[in-house]
Amino acid sequence: MLQQLNSSQRSAVKCIDKPCLVLAGAGSGKTRVITYKIAWLIQQCGYPANAIAAVTFTNKSAREMKQRVSSLMPRKQTRGLRVSTFHTLGLSIIKHSLAALGLKTGFSIYDNTDSLSLVRELMRKTFSDPKNQAEMTLHQIDRWKNAFITPEAAQRLANGDQQLTIAAAIYEQYNHHLRTYNAVDFNDLIMLPVILLRSNEEARNYWQSRIRYLLVDEYQDTNNTQYELVKLIVGDKSGLTVVGDDDQSIYAWRGAQPENLLGLGNDYPNLNVIKLEQNYRSTGCILKAANTLIQNNPHVFEKKLWSELGFGEHIRILPCANEDIEAEQIVAEILHHKFQYGTNFKDYAVLYRGNHQSRLFERALRENNIPYYLSGGNSFFSYTEIKDLLSYLRLVANTDDDNAFIRVVNTPRREIGPSTLEALNRFSSQYNHSLFSACFESNITTGLKKRAQQNLHDFAKWILDVAHTAENDTPVAALKRIIQDIDYEQWLNDTAKDEMVAARKIENVNELIEWVSKLHTKDPEASLHDIITKLTLIDTLERNDDDEIGDNVSLMTLHAAKGLEFPHVFLVGMEEELLPHRTSIEEENIEEERRLAYVGITRAQTTLTMSFAKQRKRYGEIVDCEPSRFIDELPKDDLHWLGDNSKLTKQEQKQKGQMHFSSLRALVSGES
DNA sequence: AGAGTGAACCTTTTT
DNA sequence: GGTTCACTCT
């Protein structure tokens, strides 16, 4: 069974009597180790599948891992196996002990935007300070939650510092709001389980015996609370395997602590440390570049990746006059290369630092009729129409969800404007009622007109009625009824700027319906609330997963690319102030940026091209750019600088590019 | 109440 | 260059 593994991988799989740390370089087969280990535990060690849990960081990798495990053994044997993200695991723990945590069934999960708008609102209410500090405050709250610091403790720690004092006050109100409205945020999904398991022996015993073996992927990305959760679940068992790579730690900004890799040795003195250093992914040249680059970072664990795949082609560096030409050139390059080598579009990936960089590439790809897959950025769930409908569903599932209430109460128009809402809000906070239930109070005397009161009452009654439908019918039926009752298509047609936009929005609505019905078929027992929960936790990458992966060029951020691999990678925007990003330069945090570049380079299997623009528009203004320092850090002899055609005028460039395109396009389309 | 206009901010990265 | 938010006008 372990024939297909090398000796290090094999010993990692077979190590079960001690906790095990696998330091796995990029492309060294760490997912393989985890999946084989799960199979080993089940088939050789006699663990029932439901006693094993594997934790990943994205839903996408969870899915992929599940699939890879089921390809190793009959479906029957994997029944009950838990492969999920930390957040989903936390959610299960919370659901199991709702009452002990002071939550009621049907609680809502606030996503980041929900949290942010709540903070914004609280700040506006309390401090009429128009400064845009909500984001900073939320970030501070995140940090406090991560360190298990209560609002009271935060207030003490602030020690008079004005900003911190304000943040702590907001923190207090923020938590209070969540509790009042039966809601949790993303941090709570991890933090509450930790608090529960620490203080509640029964729950702790339950989970410690329920999960007999725990495997954690991308361990360098765990934060403080996640580490605590791991320790509490493992207890004094030795059923723990952790896989990570400190060179791929790119989430420090959201609290990840790569030093958790180190701390493991202290918490588990008999820890078995295994290094995986053979890379099965990239050519020698690409690997050498990656190794040379990352050598500029300090290291806790020295490791040296090597490959048997041969040296391969040189890394190409493509200088461009500006960012338009960069996009055009690369798209031309993809077409050309595909034609020459008969590859598929899905073999190519364009990777960049920030989501906004995707635009130009999207345009260039669309102009050439090249199908592409865009990850991140404006996620499906950030479209207003989707947020609206999801808020309707949330309100139906949990009528106390004030955020959802506010979002939909006047969309489409119901003549319930700011002044009405303000009165309602005054009333509801006075009696600590949700906005929804306040609609039914007939003694709102705070200057509400009869008509406004009637509108509110009608709306709330209708919501109750839909909720009733939802109880007796499928979630899809409830959603469809909402869309119909509010005449949503009409509303979209009326409000959208032009027909195209409206049509796209309606398409999105239909996609949402499909989502809900798909989730329902998958798990017919799931309540409306379960489905909303799933939708809230779904990340953007999972969207296209159900449909088989099409033949698309991938566009994604370096963060989103982690864990993936492509035959041909284009690393674009290799410029100072972009990669490394300006704020990181200012904060003197170059190392994480270097790791980001490292992650990008190591995504490539056979060819790697890096490009940079000499000029780029920034906020509509043209600025000169310097090539990234990371290019200088690569081995000079392995770089192939492509013709520097930046001396041509822009128009000549365009012409040249276009001629190139049309001839190629003819060839390619003739072929297929 | 709601639509329409200008200023201000902005771009890291995401569960 | 594009979006979001606050203010003003109908």
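Note on naming: letters A, B, ... go to the chains in the order of the sequence lines (proteins, then strands), and numbering restarts at 1 for each one.
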query = What nucleotide among B/dT11, B/dT13, B/dT15 has an atom nearest to a side-chain atom of A/H87?
reply = B/dT15
key: Selected nucleotide, minimal atom distance to A/H581 side chain, candidates B/dT11, C/dG1, B/dT15   = B/dT11
Is [X] salt-bridged to [Y], going by a charged N under 4.0 Å from an acidic O?
| X | Y | result |
| --- | --- | --- |
| A/D221 | A/K562 | yes |
| A/K231 | A/E228 | yes |
| A/K95 | A/D530 | yes |
| A/E591 | A/R594 | no |

How many Å lie between [atom1] on [X] and [atom2] on [N], as a whole number?
| X | N | atom1 | atom2 | answer |
| --- | --- | --- | --- | --- |
| A/E587 | B/dT11 | CD | P | 14 Å |
| A/L91 | B/dT15 | CG | P | 16 Å |
| A/L579 | B/dT13 | CG | P | 13 Å |
| A/Q226 | B/dT15 | CD | C1' | 8 Å |
| A/K617 | B/dC10 | NZ | P | 21 Å |
| A/E621 | C/dG2 | CD | P | 15 Å |
| A/H356 | B/dT14 | NE2 | P | 12 Å |
| A/E323 | B/dT11 | CD | C1' | 14 Å |

request  = Look at the rings of A/F405 and A/F459 and say which category their plane angle falls in: under 30° parallel, 30 to 60° tilted, over 60° perpendicular.
outcome  = perpendicular
query = Would you call the rings of A/F361 and A/Y352 parallel, tilted or perpendicular, where under 30° means parallel and over 60° means perpendicular?
reply = parallel
query = Think A/T557 has a side-chain N or O under 4.0 angstrom from the OP1 or OP2 of B/dT14?
reply = yes
ask   = Would you say A/N355 reaches B/dT14's phosphate, i.e. side-chain N/O to OP1/OP2 under 4.0 Å?
value = yes
query = Has A/Y619 got its ring stacked on B/dC10, by the test of a centre gap below 5.5 Å and a plane angle below 30°?
reply = yes
inquiry  = Could you go through A/Y372 and A/V350, starting from their C-alpha distance and side-chain angles, then the distance that decides it, and tell me whether this counts as side chain to side chain contact (heavy atoms under 4.5 Å, CB included)?
reply    = CA-CA 10 Å; A/Y372 61 88; A/V350 178; over 6 Å; no
request  = Runs of at least three consecutive Watson-Crick or G-U pairs, both distances under 3.5 Å, are what I'm after; which ones involve DNA chain B?
outcome  = B:1-9 with C:2-10
DNA chain B contacts made by residues 246-254 of chain A, counting heavy atoms under 4.0 Å = A/Y251, A/W253, A/R254
5' precedence on DNA chain B between A/T583 and A/N187 (nearest-nucleotide basis) = A/T583
request  = Take atom C1' in C/dA6 and the same atom in B/dT11, then report the distance between them in whole Å.
outcome  = 22 Å
remark   = Only residue of A/N224, A/N187, A/D185 satisfying side chain to side chain donor-acceptor pair (under 3.5 Å) with A/K145 is A/D185
inquiry  = Does A/I622 have more than 12 heavy atoms from other residues, nucleotides or ligands lying within 6.0 Å of its CD1?
reply    = no
key: Test side chain to side chain contact (heavy atoms under 4.5 Å, CB included) applied to A/N260 and A/Q226, step by step   = CA-CA 10 Å; A/N260 284 349; A/Q226 287 161 340; over 6 Å; no
